[in-house]
Amino acid sequence: MKRFTRLVSALAAAVAPAMLAASPVAAQLQPHRAEYSLRLGTALNATRIGRIVQDIRLDCDGWRVRRELSVEMSLTPTLKVGITSRMEGEEQRGGNGFTWRTAQVVNGSRREVGGTVQRSVSGYRVDLKMEDGPEQSILPPLTLMPVAAMDYVVRRLIAGSEAFPVLLFGAEADGAAFLVDVRKAADGTPEASPPSQRFVKVPGRQSWPFVSAITRPAQRDGKPILTLRGRLFDSGVMDGLVVDAGVVTVAAYLRNLEMREAPNCPK
């Protein structure tokens, strides 16, 4: 159960940045609302188990991110899982800081976490507000906030990079940093969607199939916590993502996508 809960939290953190849209020229992310449906496994008849909805708005002060995830499924005839997760965050322009609040309910047990991240001389300082009291930590200096991280990934792919690491801040994972090794995949064939899955046209002129491995920055054994594969367009949008945690695999398929206009802010 603990491993599956971690998978769902990581899925939210992984899918959400991948849903961010960017201009092919400047790789400037655009506000949008996107919805992904979740299925248990990648078979064409895989059971639908939930959805992720993300609403990203941009004003002249920064980004407003709201992310909602819900999962209802049976792992065995006697083991049923119900998970809901809601995250609301605000990211400063340039990725210098992030403020967030999360609420997760696992089989009726509720847990709330919030906090702030702010860039400092030694790295990013994290001030967590947890139910059992506040905590503080320091993230590695090169850690990128969610919006800034996706902007960086798109820029590297447009520039022709074949493989590169990204240190990503995970709000759903109690404000921890994760090392994401991104690599272009040799196989350009997209993951087949279930016949009942609604087709959504993704904006973009080109796309890259990719695989990624997620580990902790200080992890010594090198064994990934999760592996990801999908296809990313130069708009910054993915039409699907497969998250493999070893014992459980969850596939996310883009169901609805609404692009929004960015505000006209003074320089």
Side-chain angles (χ1 to χ4, degrees), residues 9-32 34 36 52 54 56 58 62-63 65 67 87 89 91-98 117 119 124 139-173 176-188 190-191 202-217 224-244 252-254 257 259 262:
S9 297
L11 178 66
V15 170
M19 291 156 57
L20 300 173
S23 156
V25 177
Q28 172 61 53
L29 306 186
Q30 298 175 2
H32 73 281
Y36 282 70
I52 294 177
Q54 178 167 263
I56 295 183
L58 176 63
W63 300 88
V65 182
R67 188 153 64 235
M87 190 280 289
E91 181 171 335
Q92 298 173 13
R93 281 181 176 267
N96 290 323
F98 191 76
V117 186
R119 190 193 298 273
Y124 281 95
L139 298 176
L142 297 180
T143 303
L144 296 178
M145 298 300 103
V147 176
M150 197 58 221
D151 186 74
Y152 175 79
V153 170
V154 172
R155 289 177 185 272
R156 290 294 302 265
L157 290 172
I158 290 176
S161 298
E162 295 290 332
F164 52 91
V166 182
L167 273 173
L168 172 66
F169 172 78
E172 278 90 349
F178 294 91
L179 177 61
V180 183
D181 287 305
V182 181
R183 177 172 57 85
K184 288 183 184 178
D187 184 6
E191 195 79 30
V202 179
R205 300 178 182 178
Q206 59 180 322
S207 63
W208 305 271
F210 73 91
V211 293
S212 295
I214 299 179
T215 58
R216 294 280 189 177
I225 301 172
L226 302 170
T227 58
L228 317 174
R229 69 179 186 271
R231 183 172 55 142
L232 177 65
F233 288 75
D234 60 6
S235 61
V237 178
M238 287 200 307
D239 55 0
L241 181 71
V242 176
V243 182
D244 187 351
Y253 301 95
L254 184 62
L257 177 65
M259 309 305 299

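Numbers here are sequence positions counted from 1.
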TODO: Kindly say whether M87 contributes a backbone atom to a donor-acceptor pair with the side chain of E172 at under 3.5 angstrom?
DONE: no

Open item on the list: Restricting to ring pair (Phe, Tyr, Trp, His ring centres under 6.0 Å), what partner residues turn up for F98, sequence neighbours left out?
Closed with: F169

Distance, nearest 0.5 Å, that separates [atom1] of [X] from [atom2] of [Y]:
X: L144; Y: L139; atom1: CG; atom2: CG; result: 11.0 Å
X: W208; Y: L232; atom1: CH2; atom2: CG; result: 6.0 Å
X: I225; Y: T215; atom1: CD1; atom2: OG1; result: 6.5 Å
X: L142; Y: Y124; atom1: CG; atom2: OH; result: 9.0 Å
X: I214; Y: L228; atom1: CD1; atom2: CG; result: 4.0 Å
X: M150; Y: I56; atom1: CE; atom2: CD1; result: 10.5 Å

Under the side-chain contact (heavy atoms from CB on, under 4.5 Å) test, residues paired with [X] that sit two or more places apart:
X: A213; value: P224
X: V211; value: R183, A185, R229
X: P140; value: T143, L167, A177

Task: By side-chain hydrogen bond (donor to acceptor under 3.5 Å, both in side chains) - contacts of S161 (at least two apart) - done: R156

Task: Set of residues satisfying side-chain hydrogen bond (donor to acceptor under 3.5 Å, both in side chains) with respect to N96, sequence neighbours excluded - done: R119

So which heavy atom on [X] is nearest to which on [Y], and how close?
X: S207; Y: R231; result: OG-CD, 3.6 Å
X: G95; Y: M145; result: O-CG, 3.5 Å
X: L257; Y: A34; result: CD1-CB, 3.8 Å
X: V153; Y: F164; result: O-CZ, 4.0 Å

- [ ] Give the intermediate values and the outcome of side chain to side chain contact (heavy atoms under 4.5 Å, CB included) for residues L254 and M238.
- [x] CA-CA 7 Å; L254 184 62; M238 287 200 307; over 6 Å; no

- [ ] Let me see the working for F210 and L241 under side chain to side chain contact (heavy atoms under 4.5 Å, CB included), right down to the final yes or no.
- [x] CA-CA 10 Å; F210 73 91; L241 181 71; 3.9 Å; yes

